[in-house]
Amino acid sequence: MQPPPQEHLLLRLAVESFLYEEAAHLDNWRLDDWLALFAEDARYIVPTTDLPDGDPKRDVVFIDDDFTRLKGRVNRLKSRHAHREYPYSRTRRVISNVRLTRIEPGEIDLEASFVVYRARAEAIAPYVGIYRYTLARTNSGEFRIRRRRAELDLERLSEHGAVSIIL
Amino acid sequence: MDVSKLIVEDVKSGTFRIHRSSMTSKEIMDLELERIYETSWLYVGHDSEVPKQGDFCRRTVLGRPLVMIHGNDGKIRVLINSCLHRGALVCRTDRGNSDSFVCFYHGWIYNNCGKVIGIPDPEGYPEGFCTAERTLMSPPQVDSHRGFYFVNFSAKAPSLADYLGNARELMDLTIDSAEILGGWEVMKGTCKFDIRANWKLLLENSVDNYHFHTVHKTFLDFMANERKRAGVPRSTINNITNSRALAFKHGHVAMLTLAEGRTIACPNPTWSKDAIAEVMRIRERLAERYGKERGYSMADYSRFVIVFPNLVFHDTQSGFKLRQWWPIAPDMMQVTQWELLPRGEREDLVNYRLQGGVTFQGPGGFGSPDDIEALESCQIGFRAPELAWSDASRGMRREPRSDYELTSRAFWREWSARMQGHAGAKRVVDPPIPSTNARKQVAK
């Protein structure tokens with residue numbers, strides 16, 4: 001069921017604001033604030049470049065974090081021993097083409113295009129792709145991330161080498 | 001340039017040095033391609049990637065566009081993916097299934113055994129031209145070891161079986177270990193990434209346990225935390241003292257480390273009781289089938305086997321992975337990583353296996369990105385020619401543990417011999433350890 005256009009627009013604006021705030025947390029390395037945006041049953045997935053629709057249950061993926069491993073990822077990045085990100089790289093996220101693809105009373109699916117630039121060690125590498133989110137809406141009206149999938153359009157991780165930042 | 005002077009081994013003092021120009025010189029890289037890569041067996045793919053007639057997958061091997069293809073005659077071939085007419089790619093998708101391939105340039109048609117079955121407008125050619133037997137070319141040598149396909153671009157190179165030699169025994173431990181579960185199958189999803197470092201650094205890193213506790217502290221902390229969360233006491237397994245390094249003829253090297261968390265077949269105590277029981281059953285079945293020594297060795301040890309010069313068989317707590325690298329420039333390599341799964345592994349064990357794999361290894365894991373950082377860091381360090389030598393002396397006069405750099409030395413000995421145009425090194429292993437008396441004399 002599509003809500004009336006104006007309501008839809010307002011909802012999309014609210015979702016976009018949420019995505020921009022999330023991006024600001026990540027670009028400023030406020031990882032604990034970022035983690036607080038997730039629901040406890042969340043999944044963060046980055047498929048391989050040759051299989052963007054990869055399913056972590058049966059396919060190889062770059063990242064398949066449940067909340068425990070996501071917390072582990074944040075803790076790791078906060079330590080001085082995550083060598084690939086010590087010192088931190090500079091990142092800049094550009095998010096656009098936000099589309100709400102499913103709207104239910106307590107849950108929204110959305111897609112958005114992204115370019116995440118990572119600058120470090122004499123190189124700048126753009127990660128280009130599409131986000132697929134499922135957002136839950138709490139009783140107080142806040143969004144919580146339940147599913148966050150970053151599908152890359154790259155053919156390989158060339159100058160990137162790895163996915164050591166949060167995409 | 002005298003390539004024989006790029007490694008310096010002093011048996012008496014037990015020291016081993018590598019000249020860093022081997023990692024920075026374009027001239028040396030070109031010679032590596034000519035004398036090592038052009039005459040070595042290079043991995044192409046696994047038969048599980050083309051299970052049915054007509055299945056194909058594309059690969060780039062030493063720059064050559066190849067296609068591995070399962071013909072309608074039941075035979076798996078590795079062909080050069082280039083039209084006999086003008087050279088365009090005949091197969092233009094990475095994988096799929098097809099009876100025939102039409103070159104999009106002028107329309108020559110090939111069947112899935114590589115044979116030309118049609119040339120448009122044949123009247124333009126001399127008599128007999130279009131009826132002559134023509135097939136897509138194969139590399140000079142193509143062979144497989146138990147479903148793992150390799151090619152060699154030199155017709156004069158020894159056979160694959162001779163080349164792999166005793167390293168096959170270690171590969172077979174891994175291959176055999178999944179037989180009771182239906183054998184190995186390559187999963188979909190490939191990790192493809194570049195590292196801005198010389199290819200030999202990744203080779204050495206893949207069989208070096210000395211760096212593990214420094215580079216991978218965040219991974220070890222995470223795993224320790226997981227045990228704590230599960231109420232399991234700290235692991236008593238020491239993967240340094242319970243480890244071995246091995247070196248084989250033709251420069252293949254390996255390390256074995258005792259390891260928990262292998263679904264075949266040494267469980268992690270944090271797993272469910274039911275999963276642990278199932279893994280222990282598999283462990284016993286391996287012992288029954290292959291004998292206690294071989295069966296338990298399959299189960300309990302992680303194996304990292306380098307097939308000289310650019311492949312690692314990686315059978316660990318992170319699953320069974322193959323990783324291959326290609327030199328692109330002295331300070332740049334391209335890496336591809338595949339993962340294999342036992343066809344009949346129970347779902348909960350597959351889950352543990354994949355979770356173990358994704359936690360450590362690959363571009364998004366808690367381990368590999370830091371390895372990559374270490375290699376790129378070394379490569380930047382090499383920019384100072386004043387510091388001309390890297391050191392690989394560690395453990396040269398000791399029983400080979402996995403952190404004792406035997407694997408590096410053995411690789412470099414073979415590398416040096418091949419670079420000098422020899423068929424191979426006379427000795428890849430370390431010299432005999434001097435007796436206590438001799439050691440005292442050295443001390444004097």
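Numbered from 1 within each chain, the chains take letters A, B, ... in sequence-line order.
More than 12 heavy atoms of other residues, nucleotides or ligands lie within 6.0 Å of CZ in A:R102, so this atom counts as buried by the packing criterion. For A:F67, the CZ atom is densely surrounded, since the number of other residues' heavy atoms within 6.0 Å is greater than 12. Other residues, nucleotides and ligands place no more than 12 heavy atoms under 6.0 Å from the OH atom of B:Y210. The neighbour count for B:R92 CZ, taken as heavy atoms of other residues, nucleotides or ligands under 6.0 Å away, does not exceed 12. By the neighbour-count criterion of 12 heavy atoms within 6.0 Å, atom CZ of A:R90 is sparsely surrounded, having that number or fewer from other residues, nucleotides or ligands. Within a 6.0 Å sphere centred on CZ of A:R99, other residues, nucleotides and ligands contribute 12 heavy atoms or fewer.
For chain A, the nearby parts of B:F366 are the backbone and the side chain; heavy atoms of each come within less than 4.5 Å. Heavy atoms closer than 4.5 Å to chain B are found in the side chain of A:S79, but not in its backbone. For chain B, the nearby part of A:P56 is the backbone; its heavy atoms alone come within less than 4.5 Å. In this structure, chain B has heavy atoms under 4.5 Å from both the backbone and the side chain of A:L157. Only the side chain of B:K217 comes within contact range of chain A, with at least one heavy atom under 4.5 Å from a heavy atom of that chain.
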Problem set entry | Test log, rule side-chain contact (heavy atoms from CB on, under 4.5 Å), inputs A:Y86 and B:E373 | CA-CA 10 Å; A:Y86 181 80; B:E373 185 72 4; over 6 Å; no
Exercise. Going through the distances and angles, do A:R76 and B:D370 end up as a side-chain contact (heavy atoms from CB on, under 4.5 Å)?
Worked result: CA-CA 11 Å; A:R76 169 181 138 72; B:D370 295 336; 2.6 Å; yes
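In terms of heavy atoms, A:R156 sits closest to B:F193 at NH2-O, 3.1 Å. Pairing each heavy atom of A:D50 with each of B:T190, the nearest pair is OD2-OG1, 2.7 Å. The two residues B:I372 and A:G161 come nearest to each other via the heavy atoms CD1-O, 3.4 Å. The shortest non-hydrogen separation linking B:M187 to A:R58 is CE-O, 3.1 Å. Scanning all heavy atoms of the two residues, the minimum distance from B:P369 to A:R84 falls at O-CD, 3.4 Å.
Inter-residue side-chain proximity for B:R229 and A:T68 is flagged as met; some heavy-atom pair is nearer than 4.5 Å.
For chain A, the option among B:C191, B:S368, B:S377 with the highest count of heavy-atom pairs below 4.5 Å is B:C191. Ranked by heavy-atom pairs under 4.5 Å with chain B, the first of A:E122, A:E85, A:K71 is A:E122. No other option in A:S158, A:P47, A:G72 has as many heavy-atom pairs under 4.5 Å with chain B as A:S158.
The backbone N or O of B:A374 sits nowhere less than 3.5 Å from a side-chain atom of A:H83 that would complete a donor-acceptor pair. With hydrogens and angles ignored, the 3.5 Å screen pairs a side-chain donor or acceptor of A:R73 with a backbone N or O of B:G364. The main-chain N or O of B:G189 is never found under 3.5 Å from a side-chain atom of A:D59 such that the two would form a donor-acceptor pair.
Against chain A, the residues from residues 347-363 of chain B that qualify, each with a non-hydrogen atom under 4.5 angstrom away, are B:V350, B:L354, B:Q355, B:V358, B:T359, B:P363 in number order. Contacts between residues 321-339 of chain B and chain A, counted as heavy-atom pairs separated by less than 4.5 Å, involve B:Q334, B:V335, B:E339.
In summary, A:R120 and B:E376 do not engage in a salt bridge, as defined by a charged side-chain N under 4.0 Å from a carboxylate O.
Rounding to the nearest 0.5 Å gives a distance of 12.0 Å between CG of A:L154 and NZ of B:K192. Rounding to the nearest 0.5 angstrom, the gap separating the CG atom in A:N75 from the CG atom in B:D221 is 9.5 Å.
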